[in-house]
Amino acid sequence: NCADLWFEVSGGQICNSRRRDLHGFTTSGVQVTGGVQRTFGHSLTAGIAGSYAYDNTHFFNRGNANTSTGFGGLYG
């Protein structure tokens with residue numbers, strides 16, 4: 001029985017325009033996730049997965065925020 005590798009990349013962008021006294025912002029980000037898993041018999045699958053996400057927010061009233069997050073886990 002061989003192990004299965006899987007991989008996913010996703011991303012997006014949000015833009016909120018200025019309105020009256022409210023300042024707008026744009027946020028963009030990307031996420032990369034991957035893992036390896038193996039099936040035992042007909043009903044048990046076990047694996048390990050990891051993910052990394054990066055987001056950048058730009059506020060129209062000046063300022064930026066960057067976020068980097070890592071995740072990991074076991075499943076079965």
Using only heavy-atom distances, determine whether the side chains of Ser10 and Glu8 contain a donor-acceptor pair under 3.5 Å.
-> no
For Ala3 and Val36 the tightest heavy-atom approach is CB-CG2, 3.8 Å
In Å, rounded to the nearest 0.5 Å, how long is the span from CZ of Arg38 to CG of Leu44?
-> 10.5 Å
Sort out for me which residue in Asn64, Thr57, Asn61 forms a side-chain contact (heavy atoms from CB on, under 4.5 Å) with Phe25.
-> Thr57
Would you call Tyr52 and Val30 a side-chain contact if the rule is heavy atoms closer than 4.5 Å?
-> no
OG1-CZ distance between Thr26 and Phe59, expressed to the nearest 0.5 angstrom = 9.0 Å
Please answer: with hydrophobic residues joined when any side-chain heavy atoms are less than 4.5 Å apart, are Tyr54 and Phe7 in the same cluster?
-> yes
Kindly indicate whether the side chain of Asn16, heavy atoms from C-beta on, has any atom under 4.5 Å from the side chain of Phe60.
-> no
